[in-house]
There are 2 protein chains.
Amino acid sequence: MRSIPKPSLARLPLYYRCLMEALRQNITYLSSSELGERCGVPAVQVRKDLSYLSQKGRSGVGYNVADLVAHLEAYLGLANEKDAALVGVGSLGRALALYPGFGSYGLQIVTLFDNDPLKVGSEVGGRTVFSVDRLTNLVRRLGIRIGIITTPAAVAQAVAEEMVAGDIKAIWNFAPVLLDVPDDIFVKQEDLAASLAVLSHHIRQLKVVSEHDEIEVTASNACG
Amino acid sequence: MRSIPKPSLARLPLYYRCLMEALRQNITYLSSSELGERCGVPAVQVRKDLSYLSQKGRSGVGYNVADLVAHLEAYLGLANEKDAALVGVGSLGRALALYPGFGSYGLQIVTLFDNDPLKVGSEVGGRTVFSVDRLTNLVRRLGIRIGIITTPAAVAQAVAEEMVAGDIKAIWNFAPVLLDVPDDIFVKQEDLAASLAVLSHHIRQLKVVSEHDEIEVTASNACG
DNA sequence: CTTGGTTCGTGATTTTTTTCACGAACAGGA
DNA sequence: TCCTGTTCGTGAAAAAAATCACGAACCAAG
């Protein structure tokens, strides 16, 4: 039995969200085609992806929504309470700290850090901002395994190293730099600038096409 | 000549950033292996990706940093000034509106919208917040082609429709819903919850492994 | 000008992911 | 019970992407 492909894993949260929506609508069974419709994913791919879970659907009926939700929660570890430390209380850090949606994924941002003396000691969403000097110790003492980096790029590497020293095992990095960390540390890179560049490229394509003005319009379908 | 694969396109911004960094360090030439090192990408892949651009490297030397930067800027359309409208001035919307980094990618968030009467008329980063009622007209009048959605999921679809009515061609969607828009509208979905779920899954794997306690530790290498 | 060391560019190969095609399971009604 | 229409699960085929392997370009130095 092979392990789940990365793209499939990335689609599971999508299914989870649509299933939760269906649950709110009191829908008890959903076929792969209906679920696919809701997520914009082909039905076959839905089935293939879900086949990596132990939970099975029922032929002729579909998937039991509540059961599948429960299995996805277990598989994705959403039910486990996970404490996280966030470093860098700028506008993005503050936004993440205040965002209420993470709770339903089991994530609690329990401590905030910054190196700006003006911010240290202030409160954000009821949590005190600590100095980064205390990062390693505090994280270790609290047994925190997840770190979120929302600092400028220049200091992200140093922060990551302190996180590793504090025994953090997974880092969600919003700073636009490649972090150099030991192999056993999982880094999830969040790159808004990269997304933006892809968007920008597409807009440029539009311009190029419109300048060529209906002359060379072949089957050059852009990326979806 | 085939068009660039999506994963390659997504890596170009990465190269761009590393090249800018090199430029600051007064490096004039960079080989594919050096560039790859800096971005965490194999050298061959760097070469393959860059081969989709018209700009060529020099055998035995590498790529001219300044030239390549210029070509990437052109290819990605970063030099073109792009105006964008942002809808949903919550904590995330505010963070994006205040983020200074987009400027270097040619993006200017020129107008802000919200449906909360308390927010309408207030200022964020020197820009007045307008009522969403005026979205379609204002966007059309200003010729804005990019929309950014940072509203709650429930209203995202309605906002997207108004954007389309206002002749917006590309949408950067931070709301966790699948937008139903015409085929010619480009949607770049930004899904923090999905990233979080992947992170969560990895943390869970850690737990499972440590519970099995060195017994069944096979070659089950987790995703990078 | 020749030699040796470096690097690019790319066709061929391998790996990964998606899509297809179809047998088997199931529900519901006659 | 039998028949029909639906859906799942999955091996096989196709498509896409990453990796390999190597010829050719290039520089520097003797």
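Lettering follows sequence order; numbering is per chain, from 1. What you see below is based on every heavy atom in this structure, not just the backbone, and it leaves out hydrogens, waters and symmetry mates.
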query = Any salt bridge between B:Asp49 and B:Arg11, counting N to O under 4.0 Å?
reply = yes

DNA chain D: first to last nucleotide in contact with chain B (atom under 4.0 angstrom from a heavy atom), 5' to 3', is D:dA17 to D:dC27

**Message:** Using side-chain hydrogen bond (donor to acceptor under 3.5 Å, both in side chains), reason through B:Ser200 and A:Lys82 one step at a time and then give a plain yes or no.
**Reply:** CA-CA 8 Å; B:Ser200 173; A:Lys82 296 170 289 291; 3.1 Å; yes

Show each protein N/O and nucleotides 27-30 of chain C N/O combination with a separation under 3.5 Å, one pair to a line.
{"residue": "C:dA27", "atom": "OP1", "partner": "A:Arg58", "partner atom": "NH2", "Å": "2.3"}

Quick tally for nucleotides 10-18 of chain C: nucleotides whose base has a protein heavy atom under 4.0 Å get B, sugar-phosphate-only ones S, the rest -, giving BBB----SS

Original post:
Has B:Asp184 got more than 12 heavy atoms of other residues, nucleotides or ligands less than 6.0 Å from its CG?
Top reply: yes

Practice problem: Give a yes or no on this: more than 12 heavy atoms of other residues, nucleotides or ligands lie within 6.0 Å of atom CD of A:Gln45. | Solution: yes

side-chain contact (heavy atoms from CB on, under 4.5 Å) filter on B:Leu72, not counting sequence neighbours, yields B:Leu12, B:Tyr15, B:Tyr16, B:Leu19, B:Leu53, B:Leu68

Taken in chain and number order and not counting sequence neighbours, the residues that satisfy side-chain contact (heavy atoms from CB on, under 4.5 Å) with B:Thr28 are none

Base-pair string, DNA chain D, Watson-Crick plus G-U, cut-off 3.5 Å on both distances, | for inter-strand, is ||||||||||||||||||||||||||||||

> Thinking salt bridges, do A:Lys56 and A:Asp67 make one under a 4.0 Å N-O criterion?
Replying inline: no

- When we call it a touch if two heavy atoms are under 4.0 Å apart, what does A:Ser32 touch: a base, just sugar-phosphate, or nothing? sugar-phosphate

Worksheet item: Would the A:Phe102 and A:Tyr105 ring centres measure less than 6.0 Å apart?
Response: no

d(A:Ile171 CD1, A:Gln189 CD) to nearest 0.5 Å is 10.5 Å

Exercise for review: Count the heavy atoms belonging to other residues, nucleotides or ligands that lie under 6.0 Å from CD of B:Glu37, then report whether that count exceeds 12.
Suggested key: no

Check whether any side-chain heavy atom of B:Val69 lies under 4.5 Å from a side-chain heavy atom of B:Tyr63, and answer yes or no.
no

Practice prompt. May I ask you to check whether A:Arg58 and A:Tyr29 show a side-chain donor-acceptor distance below 3.5 Å?
Written response: yes

